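Taking it in order: structure first as structure tokens, then the write-up.
All figures in this text were calculated on a predicted structure; none of them were measured in a lab. Position 1 is the first residue of the sequence; numbering continues from there.
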Amino acid sequence: MRQAGTYSGILSGGISGKTGPHLLPLARIKKIMKKSGEDVKMISGESPIVFSKACELFIKELTQRSWMVTMQGKRRTLNKEDVASAVMATDLFDFLVNLVSESGNSGEAPPPLELDTFASS
């Protein structure tokens, strides 16, 4: 069984819609959630808060791993190549490999994700 981590308070009432500032806009998160599929119609007020915290943790983790690449290169500025290297070196971020691969679109916006890919998983 999974043990409660540092952020387990999120799901047990530790964060409510009225406490603390949210670093990411909840309305934007809710809009993205609603666009994720035709079946998604109603979203509780707490759901975007949990997604917001999850996004914050994701950004923090990816930034820390990217910063380690930057430091290995004896530099002080994190750049997109550092992020790409961190993604390629971490199994957890395999879903981002196509987004950061050098054989990608060379500066163009990435193609939209196919939602059917996620539905069949």
>> Is any side-chain heavy atom of I32 closer than 4.5 Å to one of I29?
In response: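 Side-chain contact under 4.5 Å: no.
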
> Mind checking whether R76 and T70 have side chains closer than 4.5 Å, heavy atoms only?
Replying inline: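 Sidechains of T70 and R76: no contact.
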
To the nearest 0.5 Å, what is the distance between [atom1] ([X]) and [atom2] ([Y])?
{"X": "K30", "Y": "I43", "atom1": "NZ", "atom2": "CD1", "result": "6.5 Å"}
{"X": "L62", "Y": "L78", "atom1": "CG", "atom2": "CG", "result": "8.5 Å"}
{"X": "S52", "Y": "L24", "atom1": "OG", "atom2": "CG", "result": "4.5 Å"}
{"X": "S47", "Y": "L26", "atom1": "OG", "atom2": "CG", "result": "11.0 Å"}
{"X": "L23", "Y": "I59", "atom1": "CG", "atom2": "CD1", "result": "8.5 Å"}
{"X": "M33", "Y": "K31", "atom1": "CE", "atom2": "NZ", "result": "15.0 Å"}

>> Please tell me whether T63 and S66 have a donor and an acceptor in their side chains that are separated by less than 3.5 angstrom.
In response: no

>> Hydrophobic clustering (ILVMFWY, side-chain heavy atoms < 4.5 Å, transitive) - are V100 and V69 grouped together?
In response: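 In one cluster: no.
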
>> M68 vs M71, test: side-chain contact (heavy atoms from CB on, under 4.5 Å). Steps then yes/no.
In response: CA-CA 5 Å; M68 290 190 314; M71 296 303 290; 5.7 Å; no

>> One thing to verify: whether D82 and R75 come together as a salt bridge, which I'm taking to mean a side-chain N less than 4.0 angstrom from a carboxylate O.
In response: yes

> Short question: side chain of S85, backbone of E81 - any donor-acceptor pair under 3.5 Å?
Replying inline: yes

>> For K34 versus K41, what's the shortest heavy-atom pair and its separation?
In response: CE-O, 3.9 Å

>> Is there a salt bridge (charged side-chain N to carboxylate O under 4.0 Å, His left out) between E61 and R65? Walk through the geometry before answering.
In response: CA-CA 6 Å; E61 181 70 23; R65 290 176 186 260; 2.6 Å; yes

> Angle class for the F93/F58 ring planes (parallel below 30°, perpendicular above 60°, tilted otherwise)?
Replying inline: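 Rings of F93 and F58: perpendicular, over 60°.
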
> Does atom CD of Q64 have more than 12 heavy-atom neighbours, drawn from other residues, nucleotides or ligands, at distances under 6.0 Å?
Replying inline: yes

